[in-house]
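Taking it in order: structure first as structure tokens, then the write-up.
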4 protein chains.
Amino acid sequence: MSTAPSDRAQARRQQVLEAAAECFRRRGFHAASMAEIAKTAGMSPGHIYNLFENKDDIIAAIVERDCEDVLARIAEFRQEGDLLQKMLAATEQAIDKHSEVSQAALQLEVLAEASRNAKLAAVVYRSEALVNEKAQELIQLSLGPRADALPPEEIQGRALMLGVLFNGLTALGVRRPNMAALTPLMAPVMRRMLNVILAD
Amino acid sequence: MSTAPSDRAQARRQQVLEAAAECFRRRGFHAASMAEIAKTAGMSPGHIYNLFENKDDIIAAIVERDCEDVLARIAEFRQEGDLLQKMLAATEQAIDKHSEVSQAALQLEVLAEASRNAKLAAVVYRSEALVNEKAQELIQLSLGPRADALPPEEIQGRALMLGVLFNGLTALGVRRPNMAALTPLMAPVMRRMLNVILAD
Amino acid sequence: MSTAPSDRAQARRQQVLEAAAECFRRRGFHAASMAEIAKTAGMSPGHIYNLFENKDDIIAAIVERDCEDVLARIAEFRQEGDLLQKMLAATEQAIDKHSEVSQAALQLEVLAEASRNAKLAAVVYRSEALVNEKAQELIQLSLGPRADALPPEEIQGRALMLGVLFNGLTALGVRRPNMAALTPLMAPVMRRMLNVILAD
Amino acid sequence: MSTAPSDRAQARRQQVLEAAAECFRRRGFHAASMAEIAKTAGMSPGHIYNLFENKDDIIAAIVERDCEDVLARIAEFRQEGDLLQKMLAATEQAIDKHSEVSQAALQLEVLAEASRNAKLAAVVYRSEALVNEKAQELIQLSLGPRADALPPEEIQGRALMLGVLFNGLTALGVRRPNMAALTPLMAPVMRRMLNVILAD
DNA sequence: GATGAATGAGCCTTCATTCAT
DNA sequence: AATGAATGAAGGCTCATTCAT
């Protein structure tokens, strides 16, 4: 009862998260000031501290929210239709979308920050664990009954490889403006992870 | 000739670079203070500004130095011996080395910083271009005469894929402590990039 | 309306202006530190930046305030009584008051600063324009109906001469401690500006 | 013998004075760094301290040199020809020369600085005393035998008034760009100081 | 719940000055 | 006589955070 956050408070938190994400994307985590976030969120700086412990707490909440978004996107992949095709479409989109460099930069900055901030690290770890778990389910779904022929480590490894690919796309996207030549190469690799049983 | 830095100055610059890299790794770019860097480098804060324009200039120099290290490592790959094996060994090393999380974090932070710092971005872009070029040469070397059968875009795409893989390893390595299951999966993907001619 | 500063903020600004003027007089513009000003004003250094853009902004505000003081003093001259007598009294006061050397020094320093600071220069120019305008009105008032016999340039020139005299008193007052012998000389010159119609 | 400055040292000092004056004019006394002065003078920063005590010592030397220039100019006035005409020409020149605002600004800054720097104040006072003395001689020369009819205070007052006028021109010249209307007004005032015997 | 005035530590950077060579 | 590497104190300014209202 004491700490039960009211609906109103929840909505206010969302406002802050929205505003903070925008500011962090625009200026980076350190350069974005609480004052700017407050202004963007349409509330006073002081009040933010009624909703969040501190600035770190905000970035942690953003990471959690982003994690949910990723999980939701993964859930969509489970719908009807060819999984490989849908994932390739997603990667192609990632390769083309250069408008999202600032979003990518924020993700990288969060990772860097997490390596020195235990609380944030916990959130990132948990987030990664959840995503990885869902990725494994996806792979098993994609392989169908043949999945049983593969040892769990293989499934886990493939999920990790998907993680490497998506994280790599994010990082390389910040490193260079044009990655078009990469698109055709994704297909065989993704297929190898999602649709193939191999002795290899 | 006019601004040719003396040997002494060069050595001092190296001291600062060493110290700054350590501080940046330990605390992050923003949290590391010039005072701390100066102390670590064994000189006064003021003198750093005789050697570098400003803090940004230091991180840029670090990126350039790191780039040279990468190029040197690539050059080693060109030596005698099976390229695929050597690169797999390198990735396996990357997968295992958890002591280097802070080094990885610094790299990610640099990328984030570059998305908002034009000068740093230029260094990062140039660095990536150099590495990608060398990666393409490596791939052609690995394929041998068969390389002629592949269109340039294919070579370029494969080099990009290597970039995605290494960058992805770096990022995912910060996201989770254990990536052991990934090791066996690297082989087929790397082989696909380095040793195979395929219609698809 | 949007940025209408509250009464409280206005009062705080006045505090800072008062304190800064004192510090600037005591130490000079460059030597006076924001920390000292803050302490003198009884607030934290940080808070000053909620009230003023930066240090330059403070000196500009002081100049504007001083300008208003001058205009107010000029307005007093318009009251009943012999203008020439009142102005001579004012100059005599200026000649004798050696306690105000530091105030005079600040004015000179402001002028020097303005020659390299565009924003401050604008304030100084505007200030001078206002004062000169009022001085012309004063001269016309003093001459009465005879003023119509003089071309506008003559009026403007006389106003400028008054400016030269007061500025000259300020500067020379810093240059030497004793200017008593000057007092009797002011009368004929001032009369020439305020009370005489001449072919030359 | 011990401190007898060699000719070479004297020449070096002149170099520094030249360079410093230029830098001070360009940037102001405080903003001009010793490094910049050294570079402009074509010598090392360290060596300047073999020639001058410190930065204040340089500005003091500049003031002394400028004083000599003024005295030299006054000496020229003593040559053949109508003194009033020559002085009016000088003031007209001062009124028109807007290229010299930075020179004027430096003079004002020096005065401001002198009010807080005893050593500089001494130089400024002495300089003013010398100039004033020469101005009195000039006035007596201009009046010729009639000068004997005037009490010394009157002569002193007139010399002071000349000082007020020239200092005022300097200050007002920084305050406003256009002082053309002032030119015709200088004649009667100057004549009053230089050529007239009055009961008034 | 909400404000925004206020704090104060700490940051990057500059620069007069020194001194070993 | 001359250099320029080196110092270190100090400065202006920012910003996460607090708290009286």
Side-chain angles (χ1 to χ4, degrees), chain A residues 5-6 8-9 11-12 27 29-39 41-58, chain B residues 5-6 8-9 11-12 30-39 41-58, chain C residues 5-6 8-9 11-12 29-39 41-58, chain D residues 5-6 8-9 11-12 29-39 41-58:
Chain A
S6 70
R8 174 124 181 87
R12 294 296 251 165
R27 305 230 195 273
F29 177 64
H30 288 98
S33 72
M34 291 297 281
E36 188 185 1
I37 294 170
K39 192 174 199 177
M43 73 183 67
S44 69
H47 192 44
I48 293 187
Y49 287 83
N50 291 334
L51 305 169
F52 294 88
E53 196 95 14
N54 53 33
K55 204 181 175 188
D56 285 356
D57 200 21
I58 298 178
Chain B
S6 69
R8 173 130 183 87
R12 293 299 249 165
H30 288 99
S33 73
M34 291 298 283
E36 188 186 2
I37 294 170
K39 194 174 208 174
M43 72 183 69
S44 68
H47 191 43
I48 294 187
Y49 287 84
N50 291 337
L51 305 169
F52 295 88
E53 197 94 16
N54 52 33
K55 206 182 175 188
D56 285 357
D57 199 23
I58 297 178
Chain C
S6 69
R8 174 129 183 87
R12 294 298 249 164
F29 177 65
H30 288 100
S33 74
M34 290 299 283
E36 187 186 3
I37 294 170
K39 195 173 208 175
M43 72 182 71
S44 68
H47 191 44
I48 294 187
Y49 289 84
N50 291 336
L51 304 169
F52 294 88
E53 199 93 16
N54 52 34
K55 206 182 176 188
D56 286 356
D57 199 22
I58 296 178
Chain D
S6 71
R8 174 125 180 86
R12 294 298 249 167
F29 176 64
H30 288 98
S33 72
M34 291 297 281
E36 188 185 2
I37 294 170
K39 193 175 199 177
M43 73 183 68
S44 69
H47 192 44
I48 293 187
Y49 286 83
N50 290 336
L51 304 170
F52 294 89
E53 196 96 13
N54 53 32
K55 204 183 176 187
D56 286 355
D57 199 23
I58 297 179

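Remember, it's a predicted structure, so these values are computed and weren't measured experimentally. First the proteins, then the strands, lettered A, B, ... as listed; each starts at 1.
Taking side-chain N and O atoms only, Tyr49(C) has a distance below 4.0 Å to OP1 or OP2 of dC13(F). For Arg12(C) and dA6(E), the shortest distance from a side-chain N or O to OP1 or OP2 is below 4.0 Å.
Among the heavy atoms of the strands lying under 4.0 Å from Asn54(A) are primed sugar atoms or P, OP1, OP2 only; no base atom is included. Met34(B) comes within 4.0 angstrom of a nucleotide base, judged by non-hydrogen atoms across all strands. Residue-level contact check: Ala32(A) touches the backbone only, with heavy atoms under 4.0 Å from sugar-phosphate atoms and none from bases.
Comparing dC12(E), dA2(E), dA2(F) against the side chain of Asn50(A) picks out dA2(E) as the nearest. In this structure, the nucleotide among dT13(E), dA16(E), dG12(F) sitting nearest to the side chain of Lys55(C) is dG12(F).
Nearest-nucleotide assignment on DNA chain E puts the 5′-proximal partner with Ser44(C), out of Ser44(C) and His47(B). With DNA chain E read from its 5' end, the first of the two nearest nucleotides for Glu53(D) and Arg8(A) is the one closest to Arg8(A).
Atom CG in Leu51(B) sits roughly 13 Å away from atom C1' in dT7(F) (whole-Å rounding). Atom CD1 of Ile48(C) is separated from atom P of dT7(E) by 10 Å (rounded to the nearest Å). dC15(F) atom P lies 9 Å from atom CD of Glu36(A), rounded to whole Å. Rounded to a whole Å, the CD1 atom of Ile58(D) is 13 Å from the C1' atom of dC15(E). Distance Asp56(B) CG to dC11(E) P: 16 Å, rounded to the nearest Å. Regarding His30(A), its NE2 atom lies at a distance of 10 Å from the P atom of dA16(F), rounded to whole Å. Rounded to an integer number of Å, the gap from Met43(C) CE to dG8(E) P is 13 Å.
In this structure, the separation between CD1 on Ile37(A) and CE on Met43(A) is 11.0 Å, given to the nearest 0.5 Å. One finds the CZ atom of Phe52(D) at 10.5 Å from the CG atom of Asn54(D) (value rounded to the nearest 0.5 Å). Taking NZ of Lys55(C) as the reference point, atom CZ of Phe29(C) lies at 5.0 Å (rounded to 0.5 Å).
Side-chain contact between Asn50(A) and Arg12(A): absent, with no pair of heavy atoms (C-beta onward) separated by less than 4.5 Å.
Taking a pair as Watson-Crick or G-U with both hydrogen-bonding distances under 3.5 Å, the stems of three or more pairs touching DNA chain F are E:2-21 with F:2-21.
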